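Reviewing the structure listed below.
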Amino acid sequence: MDIDRRNNVTVIGNPQGPAVVLAHGFGCDQNMWRLTVPALVDDYRVVLFDYVGSGRSDLAAFSEDRYASLDGYARDVVEVCEALDLRDATFVGHSVSAMIGVLAAGMAPERIGALVMVAPSPRYIDDDGYRGGFSAEDIDELLASLESNYLGWSAAMAPMIMGNEERFELGEELTNSFCATDPDMARVFARTTFLSDSRDDLKSVRVPTLVLECTQDVIAPREVGAFVHRAIPGSTLVTLDATGHCPHLSAPEATNEAITGFLASLR
């Protein structure tokens, strides 16, 4: 299988530098990292890719059975790392990709040596003693709306997810990204994302981990960041001076400073 084509893999930066893998979240693609890449390319070998069903990936490779669980996406990550023979790479995952990175690190510990979790959430639905930010009814309604009118759902949800109402162009960009995703594949990824529960997987993390949260995030409230930090032994929690769920777009300077500082501490 041509992994480069399947996942639209891009490799740029310093070929002699440590590897950094940038992984996008639901409804997005590798272009969402364009403001982070310039901060990394001088010192690091930067790997970008699109999950199957997103961006310019090979849509013919999509399998609902494979991608009905986060393990399927994690296997994609491992296969990308294997195809490039990456060792001890730092995996930077946004949103649901933070949890995908946790699973991939467990599958192939020799490939992933550190994690950066940008606005992570191991579970979106509230539970006893846990605040995920949504009730089960909220998520049922969200998924029902997505499945009945994906374009309308995208236009309503993307600006809310992005936050930063005064910066209309950010919400518009995320809306366009959502709308460019195949609706049937987006439906599968959405169910996999919003119904997931990766809390127990956090305890198995044994690599240096940076957790980045925002001051206000409707998708991953600060209680979630604190939970992730407590659950991962030795992790570092940084609260960015940023609002919304996509700080790499809304506050790239602060996000890049946190990521590069963490990367420097690993060298």
Side-chain angles (χ1 to χ4, degrees), residues 6-8 23-32 49-77 93-104 117-127 131-163 170-199 201 217-221 224 244-246 248-249:
R6 185 190 72 182
N7 291 100
N8 187 32
H24 65 81
F26 167 81
C28 299
D29 62 16
Q30 62 187 263
N31 187 55
M32 293 295 175
F49 69 96
D50 298 330
Y51 288 114
V52 175
S54 302
R56 297 175 64 190
S57 65
D58 181 5
L59 302 187
F62 186 82
S63 162
E64 185 165 350
D65 287 343
R66 178 179 176 113
Y67 298 113
S69 78
L70 294 184
D71 282 349
Y73 294 97
R75 290 204 301 275
D76 276 13
V77 170
H94 172 236
S95 193
V96 66
S97 270
M99 297 305 129
I100 293 171
V102 167
L103 296 174
M117 311 174 85
V118 182
S121 178
R123 177 184 167 105
Y124 295 90
I125 299 174
D126 298 336
D127 197 9
R131 183 185 175 219
F134 298 88
S135 68
E137 292 75 17
D138 290 335
I139 294 298
D140 286 344
E141 291 175 6
L142 181 153
L143 294 173
S145 174
L146 180 152
E147 291 174 5
S148 66
N149 180 5
Y150 178 66
L151 296 182
W153 178 89
S154 298
M157 281 294 294
M160 184 188 81
I161 292 169
M162 180 62 74
L170 293 177
E172 184 178 40
E173 176 178 355
L174 192 59
T175 299
N176 291 339
S177 180
F178 279 14
C179 291
T181 305
D182 179 274
D184 290 332
M185 297 178 191
R187 170 183 57 80
V188 174
F189 199 3
R191 283 198 164 273
T192 302
T193 297
F194 290 109
L195 297 177
S196 63
D197 187 347
S198 302
R199 290 176 294 176
D201 298 307
D217 182 348
V218 297
I219 300 297
V224 175
H245 191 56
C246 304
H248 49 317
L249 291 176

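Treat the numbers as computed from the prediction; the structure is a model and nothing was measured.
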Check against side chain to side chain contact (heavy atoms under 4.5 Å, CB included), Tyr124 and Val224: CA-CA 9 Å; Tyr124 295 90; Val224 175; over 6 Å; no

Donor-acceptor contact below 3.5 Å, side chain Thr192 vs main chain Val188: yes

Identified side-chain contact (heavy atoms from CB on, under 4.5 Å) counterpart of Leu143 within the set Leu195, Thr193, Asp138: Leu195

Salt bridge Arg199-Asp127, side-chain N to carboxylate O under 4.0 Å: yes

Main-chain N/O of Ile100 paired to Ser97 side chain as donor or acceptor, under 3.5 Å: no

Note, Phe62 side chain near Asp182 side chain (heavy atom, < 4.5 Å): no

Check: Asp50 main-chain N/O paired with Asn7 side-chain donor or acceptor under 3.5 Å: yes

Side chain to side chain, Asp76 and Tyr67, heavy atoms closer than 4.5 Å: yes

Main-chain N/O of Asp201 paired to Ser198 side chain as donor or acceptor, under 3.5 Å: no

Minimum heavy-atom distance Ala186-Phe26, with the two atoms named: O-CE1, 3.3 Å

Give every donor-acceptor pair under 3.5 Å between a side-chain atom in residues 52-60 and any protein atom, sequence neighbours left out.
residue: Ser57; atom: OG; partner: Tyr51; partner atom: O; Å: 3.2
residue: Ser57; atom: OG; partner: Gly53; partner atom: N; Å: 2.9
residue: Ser57; atom: OG; partner: Ser54; partner atom: N; Å: 3.4
residue: Ser57; atom: OG; partner: Ser54; partner atom: O; Å: 2.8
residue: Asp58; atom: OD1; partner: Ala60; partner atom: N; Å: 3.1
residue: Asp58; atom: OD2; partner: Arg5; partner atom: NH1; Å: 2.9

4.5 Å side-chain heavy-atom contact, Glu173 and Met162: no

Nearest atoms (heavy-atom pairs only) where Gly132 meets Asp126: N-OD1, 2.8 Å

Carboxylate-amine/guanidinium contact Glu64 Arg191, below 4.0 Å: no

pair Cys28-Leu174: side-chain heavy atoms closer than 4.5 Å: yes

Contact summary for Pro120 and Ala220, nearest pair of heavy atoms: O-CB, 3.5 Å

Ring centre gap for Tyr73 and Phe189 strictly below 6.0 Å: yes

Close side-chain approach of Glu147 to Arg187, heavy-atom, < 4.5 Å: yes

Considering all heavy atoms, the nearest Pro159-Ser154 contact: CD-O, 4.0 Å

Sub-4.5 Å side-chain heavy-atom contact between Met32 and His248: yes

Side chain to side chain contact (heavy atoms under 4.5 Å, CB included) between His245 and Ser95, worked out: CA-CA 8 Å; His245 191 56; Ser95 193; 2.7 Å; yes

Test: Arg123 and Asp197 ion pair at under 4.0 Å: yes

Interatomic distance, Met157 atom CE to Leu142 atom CG [nearest 0.5 angstrom]: 4.5 Å

Side-chain donor or acceptor of Asp217 paired with backbone N/O of Ala119 under 3.5 Å: no

Point-to-point distance, once rounded to the nearest 0.5 Å, from CZ of Phe194 to CZ of Phe134: 6.5 Å

